[in-house]
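A short write-up of the structure that comes next.
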Amino acid sequence: MHPLLDISPDLQDAVAAGHPIVALESTIIAHGMPWPRNVETALAVEKTVREHGALPATIALLDGKCRVGLSSREIERLASTPDVWKASVRDIPYVIARGIPGATTVAATLRIAAMAGIRVFVTGGIGGVHRGAQQTMDISADLTELSKSSATVVSAGVKSILDIGLTLEALETLGVPVVTLGQNDFPSFYSTHSGHTSPLRVDSLEEIARLMHTKWSLGIEGAILLANPLPPEQGVPVEKIESLLTEALREADKQQIKGKKLTPFLLKSIAQGSNGESLDTNIALVLHNATTGAQLAGQYAVLAKNLPPHQR
Ligand code: PSU
Ligand code: MN
């Protein structure tokens, strides 16, 4: 194991024994939600994963190491320190070399999870092609990383802060299977529907586990993006989010918010504009994904048991 990759001892044992493990990102804690709901959510997600038979592995960059498996105190530290670096893959070497604290995005978490041999990763929404990317070229590094690192990313689809159609096109180009659980329509995070048909659909977690095994045993590297729609009664109506978003985008443009600051700015504006309703939904769907991800990790562990360790 690389000396800069620090996996907690219980997770090392679990990986070796082929037990179900779920990787969790930390940008959602440090930059995706306000304190103290960020720390409450992060701890509740870990608890949910455990209750459904898997071990949680929250990932971050701390004290000059890629850390897999954090203590509650470390999660609290990430949630309450104001200047934690938002670390995508390009930032990993810089943040590690300087020894500063870094919260990992989907891209960076996915890379480190794959290094650690973890095959299921739970998040809320991934980054993608931003609206207006034809001019700005703002396309999240989450997409390129999905084409490289082999794990299934359980998400609630793609937020409508992004151009969902272009994001699906980019994922097709990158060779990433996009699979929706139990419905034809691709969900749009807060809402069950996006108006875009999901490229692929499965109706059971066992099917996804088989898809994972098939893909990787054929040597086709990279992630599978699983979209897990929230039960419709828990969603926020599309029209409501849309008007808040239009306002948030206008404000971002006015304040010249660009690059890595854009996604956190839009999330914050929508949460404030909806009086926290979008935040409640955000938390509900991350917990829903944690349940699904833990169950999927269990299904995959059953299949992987018969594989030689290097194929797991
Ligand atoms: N979308 C959300 N919540 C989040 C993020 C995206 O609904 O917290 C975070 C994730 O960590 C994701 C990152 O990987 O933002 C993408 O940032 P960017 O668009 O700068 O690549
Ligand atoms: Mn970007």
Side-chain angles (χ1 to χ4, degrees), residues 21-33 38 41-42 45 49 56-61 66-68 70 78 84-92 95 102-116 118-130 133 138-164 166-168 170-171 174-179 186-189 212 221-228 259-267 282-283 285-290 292-293 296-297:
I21 306 174
V22 169
L24 300 164
E25 62 151 312
S26 45
T27 289
I28 194 172
I29 305 173
H31 304 277
M33 289 180 192
N38 56 355
T41 305
V45 167
V49 168
T58 300
I59 291 177
L61 309 176
C66 299
R67 293 280 313 279
V68 180
L70 304 185
L78 279 175
V84 172
W85 201 273
K86 177 182 163 190
S88 189
V89 172
R90 62 151 188 202
D91 305 285
I92 294 175
V95 171
T104 48
T105 63
V106 168
T109 308
L110 179 56
R111 175 69 69 99
I112 295 168
M115 281 181 200
I118 302 173
R119 295 281 173 245
V120 176
F121 165 22
V122 161
T123 186
I126 63 158
V129 180
H130 278 268
D138 191 350
I139 301 173
S140 176
D142 290 356
L143 299 186
T144 35
E145 195 53 39
L146 283 162
S147 72
K148 293 183 181 172
S149 287
S150 302
T152 290
V153 179
V154 184
S155 73
V158 171
K159 247 187 201 142
S160 57
I161 59 175
L162 303 171
D163 187 317
I164 299 177
L166 292 186
T167 301
L168 290 172
L171 287 166
L174 290 164
V176 179
V178 177
V179 189
F186 185 69
S188 61
F189 198 83
M212 292 160 74
E221 282 171 15
I224 292 167
L225 180 63
L226 177 63
N228 185 34
K260 67 190 276 189
K261 292 206 164 81
L262 182 60
T263 298
F265 178 86
L266 296 174
L267 296 177
N282 201 341
I283 293 168
L285 62 85
V286 177
L287 291 169
H288 180 61
N289 291 344
T292 303
L296 175 61

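Positions are given from 1 along the sequence.
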Taking [X] for its side chain and [Y] for its backbone only, find out whether a donor-acceptor pair lies under 3.5 Å.
X	Y	result
His31	Val84	yes
Ser150	Gly222	yes
Ser26	Thr104	yes

**OP:** Quick one: list whatever passes side-chain contact (heavy atoms from CB on, under 4.5 Å) with Ser155, sequence neighbours left out.
**Re:**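 Ser155: side-chain contact (heavy atoms from CB on, under 4.5 Å) contacts with Thr123, Ile126, Leu225.
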Can you name the nearest heavy-atom pair linking [X] to [Y], along with the distance?
X	Y	answer
Ile118	Ala57	CD1-CB, 3.8 Å
Ala290	Val45	CB-CG1, 4.0 Å
Leu174	Leu143	CD1-O, 3.4 Å
Ser188	Ile164	CB-CD1, 3.6 Å
Thr144	Ser147	O-OG, 2.6 Å
Ser88	Ala107	OG-CB, 3.7 Å

Subject >> Sole candidate of Leu171, Ile224, Val178 that passes side-chain contact (heavy atoms from CB on, under 4.5 Å) when paired with Leu146 >> reply: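 With Leu146 as partner, side-chain contact (heavy atoms from CB on, under 4.5 Å) holds for just one option, Leu171.
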Subject >> Candidate list Ile59, Leu78, Ile29, Leu24, test side-chain contact (heavy atoms from CB on, under 4.5 Å), partner Leu70, passing option >> reply: Leu78
Are the side chains of [X] and [Y] in touch, meaning some heavy atoms are under 4.5 Å apart?
X	Y	value
Ile161	Phe189	no
Glu145	Val106	no
Thr152	Arg119	no
Val120	Met212	yes
Thr105	Lys260	no
Cys66	Leu61	yes

Pairwise distance [atom1]([X]) to [atom2]([Y]) - rounded to 0.5 angstrom:
X	Y	atom1	atom2	value
Leu162	Leu168	CG	CG	10.5 Å
Leu285	Thr292	CG	OG1	10.5 Å
His130	Leu166	NE2	CG	12.0 Å
Ile112	Phe121	CD1	CZ	10.0 Å

**OP:** List the steps and the verdict of side chain to side chain contact (heavy atoms under 4.5 Å, CB included) for Thr167 and Lys159.
**Re:** CA-CA 10 Å; Thr167 301; Lys159 247 187 201 142; over 6 Å; no
